[in-house]
Amino acid sequence: MRWKHRLARLLVLWSISLAKGGETMLAVYVMMIHKGVIELNDVPPQSREKVREVLELGGMDVNGNIV
């Protein structure tokens, strides 16, 4: 269970760094998908592919589940 806390912390830190880089909504979409608030289909079409890539880079499937 400890690794999940470590991964969550890394995701938050990563989201903050993305937000500083001007990609705030990308970070918001990824975190909302990870938390189960929205699904990838709820993301605007022009952002879906980038969000999908970021989820994969974060070790998650398109539903935000850690794989």
> Of the options His34, Glu39, Lys35, which is the one that meets Val37 in a side-chain contact (heavy atoms from CB on, under 4.5 Å)?
Replying inline: Lys35
[Y] and [X], any side-chain heavy atoms less than 4.5 Å apart:
X	Y	result
Met32	Val43	no
Val30	Leu55	yes
Leu26	Lys50	yes

> Once you round to the nearest 0.5 Å, how far does CZ of Arg48 lie from CG of Asn41?
Replying inline: 5.5 Å
> Between atom OH of Tyr29 and atom CG of Leu40, what is the distance when rounded to the nearest 0.5 Å?
Replying inline: 11.0 Å
> Just by modelled atom types, is the Asn65 backbone N or O under 3.5 Å from a matching donor or acceptor in the Asn63 side chain?
Replying inline: no
> Is the backbone of Val62 close enough, under 3.5 Å, to the side chain of Arg52 for a donor and an acceptor to pair up by distance?
Replying inline: no
